[in-house]
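Residue numbers begin at 1 in each chain, while the letters A, B, ... track the order of the sequences.
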Protein chains: 2
Amino acid sequence: MPRMGQEPKRRAALLAATVEEVGLAGTLDVTVGQIARRAGMSPALAHHYFGGKADIFLAAMRQILTDYGAEVRAALRTAPEGRRLEALIAANFSESCFAPATVSAWLNFYVLARRDAQAARLLRVYQARLRSNLVHALQPRAAAPQLAARRIAALIDGVYLRAALSGEGVAGAAEEVIAAAHALADIR
Amino acid sequence: MPRMGQEPKRRAALLAATVEEVGLAGTLDVTVGQIARRAGMSPALAHHYFGGKADIFLAAMRQILTDYGAEVRAALRTAPEGRRLEALIAANFSESCFAPATVSAWLNFYVLARRDAQAARLLRVYQARLRSNLVHALQPRAAAPQLAARRIAALIDGVYLRAALSGEGVAGAAEEVIAAAHALADIR
DNA sequence: AGGTTGATTGACTCATCAATCAATAAAAAT
DNA sequence: ATTTTTATTGATTGATGAGTCAATCAACCT
């Protein structure tokens, strides 16, 4: 069985398994053993490829943010000029970003960011990017883009949070946030 | 030293210590020993008064919600008729609710609610109460109170979340949410 | 063939902690 | 005075889980 060049596959499998496991458990209190088993390998191998548990979590968070970034970039690229705001919000509530396990993992990484400086930095990157994207999208249509962006960002996070907690279907969440965003954009 | 009627004091001390410790650590990964030490007693005594760790957390969460409920009720009682909405939002961002440790503890209890059914129930009570209060306050001034309430509730949670994460000063948060809420109330 | 390197794991170590328990001490009750 | 009740803790137990290490195995290179 053991062939060469397994590293990328193993790493990817571990990251996916981490998100799944954290999402399923609803907590970062998952053992390396659980993650490794789900990824189809021994705990020792997980330690071999990543230094330790913290590194695994961090890498998983980075992965989620990367995926999110790609999703957003793709959405903005294909959006018509005047509908950047709508596309941006829709991307934030896209299927891939909104898979239950992913949302739950997000929430837990939020908490991780309170302890871990590196996680906090990652999160700040995400927040800055979201804000910047929002400001850009709001530029031509809002009286006070910076202000509106801050509010809409908070709204997005809030809806996310509620989704993560109530576990209820989030169908229509994007549309609702878009409607609310239109109202928020017009504040003077 | 050992006198009678210590139980209430000890319980209260443990709950306060729990919030402080969880808030400080930024995680529920605090030991009973840490909590007990901060409350000025041995770990064994903590186990004596509460059944176990889970019970301590649950009681602490209940305490936070009780305090929050009292704060809100007081604010609504003294608010003039036409300013219920503003008073309600202000109460949600009051000093006591917004102490850093408290906010951090909230966030972690949010996460706890994903695993623990009892915690989830408590959280649902809070959410229902907030929504009901918002609907009531919006009744005379919003076209669609239910809808607006849902959005404003999400916004409040979102701002809370951001405050918990960025640790930045939240001065003026209430005013900003109030302004946004006015805009959100007018959606048809 | 023989050696090097990456892949892989079982077994082990070490630390941490929740929970228990028996023992002690002080008040209250009789 | 002695019995009961409440308060309190030190010491212990038992489980769990992160991280390490030496050993195995297969491919690749020379």
Side-chain angles (χ1 to χ4, degrees), chain A residues 1-61 105 108-109 111-112 115-116 118-119, chain B residues 1-22 24-61 105 108-109 111-112 115-119:
Chain A
M1 294 175 200
R3 298 173 201 155
M4 295 214 61
Q6 295 301 94
E7 179 156 354
K9 275 178 227 229
R10 293 303 199 180
R11 287 181 91 97
L14 279 171
L15 296 190
T18 301
V19 173
E20 283 170 39
E21 206 64 36
V22 169
L24 204 64
T27 169
L28 291 184
D29 248 320
V30 293
T31 70
V32 175
Q34 286 172 300
I35 295 172
R37 186 160 356 112
R38 178 175 293 264
M41 69 194 82
S42 77
L45 196 55
H47 276 100
H48 174 66
Y49 283 125
F50 292 88
K53 201 183 185 182
D55 301 279
I56 298 180
F57 282 153
L58 208 55
M61 190 170 171
N108 280 281
F109 288 135
V111 173
L112 178 62
R115 284 171 270 161
D116 189 300
Q118 291 193 266
Chain B
M1 297 171 203
R3 298 176 201 153
M4 295 213 60
Q6 295 300 94
E7 178 156 354
K9 275 178 226 229
R10 293 302 200 181
R11 288 181 90 97
L14 279 171
L15 297 191
T18 301
V19 173
E20 284 169 39
E21 205 66 34
V22 169
L24 203 64
T27 170
L28 290 184
D29 248 321
V30 293
T31 70
V32 175
Q34 287 172 300
I35 294 172
R37 187 162 353 113
R38 178 176 291 265
M41 69 193 83
S42 77
L45 196 55
H47 276 100
H48 174 67
Y49 282 124
F50 293 89
K53 202 185 186 179
D55 301 279
I56 298 179
F57 282 151
L58 208 57
M61 190 170 171
N108 279 281
F109 288 137
V111 173
L112 178 63
R115 284 171 271 162
D116 188 300
Q118 290 194 266

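- Between B:Tyr49 and the phosphate of D:dA7, there is a side-chain N or O to OP1/OP2 separation shorter than 4.0 Å.
- Atoms CZ (B:Arg37) and C1' (D:dT8) sit 17 Å apart, rounded to a whole Å.
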Evaluation steps, side chain to side chain contact (heavy atoms under 4.5 Å, CB included), between B:Asp29 and A:Asp29: CA-CA 9 Å; B:Asp29 248 321; A:Asp29 248 320; 4.1 Å; yes

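- Nucleotide D:dA7 holds its P atom 6 Å from the NE2 atom of B:His48, rounded to whole Å.
- One can place CE of B:Met4 at 19 Å from P of C:dA25, the figure rounded to the nearest angstrom.
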Sugar-phosphate or base contact per nucleotide [nucleotides 11-23 of chain C; S, B, -; heavy atom under 4.0 Å]: ------SSBBB--

Audit row: A:Val111, A:Leu28, side chain to side chain contact (heavy atoms under 4.5 Å, CB included) steps and yes/no: CA-CA 9 Å; A:Val111 173; A:Leu28 291 184; 5.8 Å; no

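- Phosphate contact (OP1/OP2 of D:dT6, side-chain N/O of B:Arg10, threshold under 4.0 Å): absent.
- One atom, CG of A:Leu28, and another, C1' of D:dG17, lie 16 Å apart when rounded to the nearest Å.
- Side-chain contact between B:Gln6 and B:Tyr49: present, with at least one pair of heavy atoms (C-beta onward) separated by less than 4.5 Å.
- Side-chain contact check for A:Asp116 versus A:Met61: every heavy-atom pair is 4.5 Å or farther apart.
- Between the CG atom of B:Leu45 and the C1' atom of D:dT8 there is a distance of 6 Å, given to the nearest Å.
- Here the nucleotide nearest the side chain of A:Ser42, chosen from C:dT9, D:dT8, D:dT9, is C:dT9.
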Side chain to side chain contact (heavy atoms under 4.5 Å, CB included) assessment of A:Val22 paired with A:Phe57: CA-CA 9 Å; A:Val22 169; A:Phe57 282 153; 3.9 Å; yes

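- For residues 10-25 of chain A, the side-chain hydrogen bond (donor to acceptor under 3.5 Å, both in side chains) pairs, not counting sequence neighbours, are A:Glu7-A:Arg11, A:Glu20-A:Arg38, A:Glu21-A:Arg38.
- At a threshold of 4.5 Å between non-hydrogen side-chain atoms, the residues A:Lys53 and A:Ile35 do not count as touching.
- We find that CD of A:Gln6 is positioned 8 Å from C1' of C:dA7, with the value rounded to whole Å.
- Across all strands shown, A:Phe50 has no heavy atoms under 4.0 Å from either base or sugar-phosphate atoms.
- With rounding to whole Å, B:Lys9 atom NZ is found 18 Å from D:dT6 atom P.
- Between the CD atom of B:Glu7 and the C1' atom of C:dA28 there is a distance of 17 Å, rounded to whole Å.
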